[in-house]
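Have a look at this one.
Below, read A as the first sequence line, B as the second, and so on, with proteins coming before strands; counting in each chain starts at 1.
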Amino acid sequence: MLDYKKIEAKWKKNWRDSELYKVSHKSDKPKFYVLDMFPYPSGAGLHVGHPLGYIASDIVARYKRLKGFNVLHPMGFDAFGLPAEEYAIATGVHPAESTSKNIERYKEQLSNIGFSFDWSRELQTCDPQYYKWTQWIFTLLFEHYYDLEEDKAKSISDLEATFRAKGSAGVKAYTYYEGSFTAEQWSAMEETARFEILSEYRLAYRKVGYVNWCSALGTVLANDQIKDGLSERGGHPVEKKAMTQWYLRTTAYAERLLSGLEEIDWSSSLKTIQRNWIGKSKGAQLFFDIADSDKQIEVFTTRPDTIFGATYMVLAPEHPLIEEIKSADQSDKVQEYLDYVSSRSDRERMSQVKQVTGVFTGAYALNPFTQKKIPIWIGEYVLMDYGTGAIMAVPSDDERDHTFAEKFGLEIIPVVDKSGHPNASKSDKVGTMINSEFLDGLQVPEAIKRMYQEINEKNIGAVTINYKMRDAGFSRQRYWGEPFPIIYKDGIPSVLSKEDLPLELPQTDDFKPTSDGQSPLSRIDSWVNTGDGLKRETDTMPAVAGSSWYFLRYMDPHNQEAFASKEALDYWQNVDLYVGGSEHAVAHLLYARFWHKFLYDLGYVSVREPFKKLINQGMIQGVIEYIALVKGDSGDRFISADIVNAESVSAFIPIHIDFVSDYGTDHSHLKTDGIEKFLEWRPEYKGAEFVTSEDGNLYTKSETGKMSKRYYNVVNPDDVVDAYGADTFRLYEMFLGPIEQSKPWDMQGIEGVSKFLRRFSGLFFSDEVFNVTNENPTDQELRILHTAIKKVSEDIERFSHNTAISALMICVNELKKVNCNKRQILEPLAQLMAPLAPFTTEELWERLGHKTSIHTSSYPAFDESHLKEDSFEYPICVNGKKRALKSFPADADKATLEKESLEMEEMQKWIEGKNVVKVIVVPKRMVNIVVK
RNA sequence: GCCGGUGUGGUGGAAUUGGUAGACACGUUGGAUUCAAAAUCCAAUGCAAGCAAUUGCGUGGGGGUUCGAGUCCCCCCACCGGUACCA
């Protein structure tokens with residue numbers, strides 16, 4: 001029989017030496033691109049959860065290869081990021097060093113599982129030869145703007161030429177710039193002024209923004225790196241801080257990012273997440289005059305129909321108009337309130353959402369329809385970065401406005417009669433308009449349309465589209481990231497040319513951020529100051545930079561002249577199947593689509609969307625075991641979970657799952673030796689008392705959660721591979737259930753697939769000797785094989801690998817029953833199984849006498865004619881309930897089936913004394929007799 | 001709150017288009033083999049009643065459509081994930 005350790009070692013070496021999985025775009029075959037989201041190489045190494053997606057995609061890659069596709073299946077590493085930098089700060093080990101060590105470990109672990117990656121295409125985002133092109137694409141973003149007429153990115157020098165020739169008139173481009181100028185004015189401007197204006201158009205630009213500043217980490221964090229107002233990493237407090245930052249104008253692409261979702265095959269939940277993130281809403285932009293002032297307040301509302309109920313206005317605390325409009329007698333109170341707001345952390349603000357705060361500015365606005373004076377307030381609940389940072393408040397039809405009005409005693413005018421809709425909430429767009437002059441009597445949707453017309457005609461605003469999505473903050477004050485290819489001259493940035501790239505990250509041994517929040521790079525004077533008063537940008541790019549285009553680099557990873565050759569890009573086009581975790585649902589997947597669309601506009605790539613089909617593999621969770629610690633005057637006591645009083649518990653201490661008996665169940669516990677092991681591991685609890693349950697066990701608290709170092713529950717795939725073999729590991733992870741589903745890891749059941757593999761290879765042996773005959777197979781054997789071919793192919797195509805394996809189990813069980821050891825059956829069976837169990841099948845293939853790899857052979861052909869059965873066993877039902885089974889010839893006609901079913905002896909007791917109303921016969925399915 | 005998903009034996013799960021619910025495994029029980037154990041092989045295994053043939057019940061709960069519902073429709077419940085003063 002086969003010794004899996006020997007054959008794994010043998011074929012791992014053979015495949016590596018022969019570069020079996022190396023592909024080229026110079027091929028006549030159709031292409032297929034299967035990609036895994038590349039991992040961040042953390043110090044903890046891979047755990048059994050990571051390979052779940054890799055195995056699933058590897059099976060598809062191998063399947064497609066056998067089916068005759070030219071398969072691109074690469075792997076690389078997302079190697080820039082915060083953990084390596086934190087590790088460097090703590091230990092002094094350079095991030096490059098720890099990262100490369102971690103990568104080596106990852107590669108070793110990956111190779112043990114038998115993936116068919118083309119390692120000649122490996123990339124690492126921290127490699128200068130890679131980030132050269134990340135920097136280069138950034139320079140392109142800097143040098144382009146978004147043209148609304150052609151609906152694509154165009155060169156900023158074109159825009160400049162237009163300004164020079166015609167001024168700003170007639171330019172339709174995506175910008176926040178609101179001024180206008182003639183060609184003469186443009187030419188007369190200072191260079192700085194011209195630069196400022198162009199910056200309002202560039203797709204990469206700098207602006208002062210309120211960023212999530214985490215002083216403990218010394219860096220700016222993205223929204224998705226914050227959980228409940230604390231940093232996801234480390235749980236440190238996060239506050240708002242004004243900083244000049246680089247931004248990418250992702251909002252210019254909002255509409256295309258939204259509509260592009262229609263043309264790709266992603267799960268509906270993922271698309272919904274992206275749609276919600278983009279957050280498109282249609283509404284009206286309205287201007288309210290301020291009483292006794294020439295200023296106006298601009299608001300955005302989706303409910304212009306309720307304007308007759310707008311009894312006050314609210315500005316965000318950061319709104320620039322506040323300074324200008326606040327009245328003298330309210331000035332102190334306003335300042336007091338603004339101080340209060342800025343003293344509050346994000347965490348406080350978020351956890352106290354229901355708390356209503358605000359202050360009156362002393363100023364009034366005029367309702368554009370009634371000309372009535374309404375007070376202008378400031379309130380925390382209005383956010384500066386959504387809409388215009390100001391709202392018209394309609395307390396009768398908005399929950400938040402209502403609460404605010406009640407608290408501060410503001411007027412409430414009902415404008416929508418919802419008596420016909422008892423279950424509708426305040427903001428539901430239903431009901432009949434009242435107290436609203438010309439709108440009275442209209443239904444809400446009609447009233448909204450009518451108002452849009454009215455606003456246009458009266459010229460007091462416009463119908464607009466608003467997006468929740470904001471431009472992406474692109475600066476990080478860290479060391480371990482791509483340096484910006486930017487040089488400042490008198491404060492004006494310009495980009496390095498392609499020839500000067502990559503701009504390499506300079507060496508240093510001080511990774512701490514500076515106290516004022518500057519990146520560690522700012523300390524390296526010789527690097528920052530390049531002479532002639534020129535200065536480099538010292539921020540670095542965020543981790544999403546490198547992952548926003550890596551899938552393109554794989555197409556041509558060693559190209560020195562371009563990020564990838566035109567030829568390679570045209571051949572591979574885009575990713576046919578992308579597999580990865582749903583934690584990247586927004587950030588990575590949105591930025592990657594944005595970069596890709598930008599490169600599409602510039603003509604570098606020829607398809608609009610980068611990832612045709614996407615599958616989110618579920619998480620493999622771990623079991624977390626805790627013991628309850630009660631601290632008291634008499635010292636530490638650990639009390640069994642079944643008898644402990646929950647309120648007295650000082651802490652639940654996570655412990656090694658290896659110490660726990662029956663871990664993961666509701667009766668998980670520590671036996672005496674478990675307690676001993678625990679004490680050996682944590683000697684600081686030597687003096688503690690252990691209060692066990694009556695049966696002498698110390699019961700533990702079990703949870704299902706993340707597999708992580710801090711819970712001591714990480715299962716290393718190497719250990720499983722060592723104990724059962726790589727093929728068993730692969731099969732088992734797939735056999736656990738559907739790929740998309742999350743599930744806790746447990747080893748129950750791995751014996752099942754292990755047995756199956758042994759039984760499969762056992763078909764090729766008699767009495768420990770390899771023995772396969774050339775006899776012709778029987779019809780039955782052919783039917784068993786071809787049933788499996790059909791089912792396995794269909795299942796792999798729809799990524800249902802667990803049912804494909806079960807079909808193979810059935811096939812092997814049935815062949816075993818008839819003692820089949822015929823080449824004509826076993827050879828195609830091995831090919832059928834090769835994608836799932838690459839080592840075992842490769843070894844058997846060689847023993848069958850083949851000189852070339854099974855993985856470069858072909859997929860077994862399916863022949864429908866072998867599935868023909870002479871008879872079919874029909875379930876005979878009465879009123880839909882199965883009452884008997886009867887075998888009929890496969891070609892029996894309906895009349896025969898009906899007649900013979902009714903005549904069956906077993907049927908008589910169900911029919912007797914009743915009326916047979918009708919008989920329904922569905923060929924090859926069932927017979928149903930309807931009686932009354 | 002809103003959005004999305006899930007709910008099937010003791011366990012993981014299957015049922016692709018409305019057509020035999022529980023495939024395939026794990027576990028458990030009994031048996032063979034063995035000095036013994038492991039491994040292997042055979043048999044049984046949704047629940048309840050019955051010696052049995054058999055019968056009733058059964059896909060989170062309630063209702064509906066249909067000859068027929070795990071699958072479609074309506075209402076409700078539980079759990080998981082995402083998201084949130086988004087005007």
Dot-bracket for RNA chain B, 5' to 3', with Watson-Crick and G-U pairs under 3.5 Å, [ ] for crossing pairs and | for other-strand pairs: what is it?
(((((((..(((......[....)))((((((.......))))))((((....))))..(((((..]....))))))))))))....

Could you pick out which residue, A:Asn802 or A:Gly387, lies toward the 5' side of RNA chain B when each is mapped onto its nearest nucleotide?
A:Asn802

How would you label the contact of A:Ile391 with the nucleic acid (heavy atoms, under 4.0 Å): base, sugar-phosphate, or nothing?
base

Per A:Thr803 side chain, nearest of listed nucleotides B:G4, B:A15, B:G56
B:A15

Pair A:Phe729-A:Tyr724, ring-ring contact (aromatic ring centres under 6.0 Å, His included): steps then yes or no:
CA-CA 7 Å; A:Phe729 177 70; A:Tyr724 293 95; 9.7 Å; no

NA contact type, A:Asp401, heavy-atom cut-off 4.0 Å: base, sugar-phosphate, or nothing?
nothing

Taking only side-chain N and O atoms of A:Arg400, does any of them lie within less than 4.0 angstrom of OP1 or OP2 on B:C86?
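True: A:Arg400 side-chain N/O within range (under 4.0 Å) of B:C86 OP1/OP2.
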
Considering only heavy side-chain atoms of A:Arg798, the closest of B:C67, B:A15, B:A87 is B:A15

Taking the same atom, P, in B:U59 and in B:G10, what whole-Å distance lies between them?
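13 Å, rounded to whole Å.
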
When we call it a touch if two heavy atoms are under 4.0 Å apart, what does A:Ser269 touch: a base, just sugar-phosphate, or nothing?
sugar-phosphate

Would you kindly give the CD1-to-C1' distance between A:Ile465 and B:C86, to the nearest whole Å?
15 Å

Assigned glycosidic conformation for B:G13 [threshold 90° from 0]:
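Chi for B:G13 falls in the anti range.
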
Tell me if the aromatic rings of A:Tyr874 and A:Phe888 count as close, with their centers under 6.0 Å from one another.
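Yes; A:Phe888 has its ring centre under 6.0 Å from that of A:Tyr874.
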
Would A:Tyr312 and A:Phe404 count as a close aromatic pair, with their ring centres under 6.0 Å?
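Here the rings of A:Phe404 and A:Tyr312 have centres that are less than 6.0 Å from each other.
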
When the ring centroid of A:Tyr467 is compared with that of A:Trp277, is the distance short of 6.0 Å?
no

Starting from the 5' end of RNA chain B, give me the residue, A:Ser742 or A:Ala807, whose nearest nucleotide shows up first.
A:Ser742

Value in whole Å for how far the C1' atom of B:G81 lies from CD1 of A:Ile273
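Rounded to the whole Å, the gap is 8 Å.
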
What's A:Asn928 touching, base or sugar-phosphate or nothing? Going by heavy atoms closer than 4.0 Å.
base

Distance alone, cut at 3.5 Å: any donor-acceptor contact between the side chains of A:Thr803 and A:Ser800?
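Present: a donor and an acceptor within the cut-off.
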
B:C73 versus B:A21 - spacing of their P atoms, nearest Å
22 Å

Mark yes or no for a side-chain to base donor-acceptor pair under 3.5 Å between A:Lys791 and B:U16, with no hydrogen or angle criteria applied.
yes

Of all the choices, B:A87, B:G19, B:C3, which nucleotide is nearest to the side chain of A:Ser281 once you look at every atom?
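Looking only at heavy atoms from C-beta outward on A:Ser281, the closest nucleotide is B:A87.
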
Can you tell which of B:G19, B:G56, B:C85 lies closest to the side chain of A:Glu380?
B:C85

Hey, is the side chain of A:Arg758 poking within less than 4.0 Å of OP1 or OP2 on B:U40, counting only N and O atoms?
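For B:U40, OP1/OP2 do have a side-chain N/O of A:Arg758 under 4.0 Å.
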
Below 4.5 Å, heavy atoms only, C-beta onward: do A:Leu808 and A:Phe760 meet side chain to side chain?
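Heavy-atom side-chain distance check fails, nothing below 4.5 Å.
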
Say we look at B:A44 and B:A53: how far apart would their P atoms be, to the nearest angstrom?
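These two P atoms come out 13 Å apart once rounded.
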
When rounded to the nearest Å, what value does the distance between C1' atoms of B:U55 and B:A37 take?
44 Å

Scan nucleotides 25-32 of chain B against the protein and return all N/O pairs shorter than 3.5 Å with their distances rounded to 0.1 Å.
| residue | atom | partner | partner atom | Å |
| --- | --- | --- | --- | --- |
| B:A25 | OP1 | A:Asn813 | ND2 | 2.6 |
| B:C26 | OP1 | A:Lys755 | NZ | 3.0 |

Taking atom types as modelled and ignoring hydrogens, do the side chains of A:Thr787 and A:Arg783 form a donor-acceptor contact shorter than 3.5 angstrom?
no

With rounding to whole Å, what would you report as the distance between B:G1 and B:A69 at their P atoms?
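It comes out at 34 Å once rounded to the nearest Å.
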
Can A:Ser281 and A:Asn466 be counted as having a side-chain donor-acceptor contact under 3.5 angstrom?
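Their side chains do not contain a donor-acceptor pair, so the 3.5 Å distance test is not met.
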
For a quick check of understanding: with a heavy-atom distance under 4.0 Å over all strands, which category does A:Trp266 fall into, base, sugar-phosphate or nothing?
nothing

Over all atoms of both residues, closest heavy-atom pair of A:Met707 and A:Val715:
SD-N, 3.7 Å

From NZ of A:Lys280 across to P of B:C3 the rounded distance in Å is 20 Å

Suppose you measure atom P in B:C41 against the same atom in B:C26; what distance do you get, rounded to whole Å?
10 Å

Between B:C86 and B:G64, how far is it from one C1' atom to the other, in whole Å?
39 Å

Selection from B:G13, B:A87, B:G19 that lies nearest to any side-chain heavy atom of A:Pro738:
B:G13

Would you indicate what A:Glu740 reaches in the nucleic acid, counting non-hydrogen atoms under 4.0 angstrom: base, sugar-phosphate, or nothing?
nothing

Taking atom P in both B:U6 and B:C72, compute the distance separating them and give it to the nearest angstrom.
10 Å

Value in whole Å for how far the P atom of B:A84 lies from CZ of A:Arg275
18 Å

Rounded to whole angstrom units, what separation is found between the CE atom of A:Met926 and the P atom of B:C67?
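Rounded to whole Å, this separation is 12 Å.
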
Which whole-number value in Å describes the distance from A:Asp385 CG to B:A87 P?
14 Å

Heavy atoms under 4.0 Å, any strand shown: does A:Leu270 hit a base, just sugar-phosphate, or nothing?
nothing

Can A:Gln285 and A:Glu298 be counted as having a side-chain donor-acceptor contact under 3.5 angstrom?
yes

If we count only N and O atoms by modelled type, under 3.5 Å, do the side chains of A:Thr361 and A:Tyr337 hold a donor and an acceptor together?
no

Nearest heavy-atom neighbours spanning A:Phe799 and A:Lys613:
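Smallest interatomic distance, heavy atoms only, reads CE1-CE, 3.0 Å.
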
Starting at atom NZ of A:Lys881, determine the distance to atom P of B:U55, rounded to an integer number of angstrom.
11 Å

Whole angstrom is fine here: how far is it from CZ in A:Phe872 over to P in B:G19?
13 Å

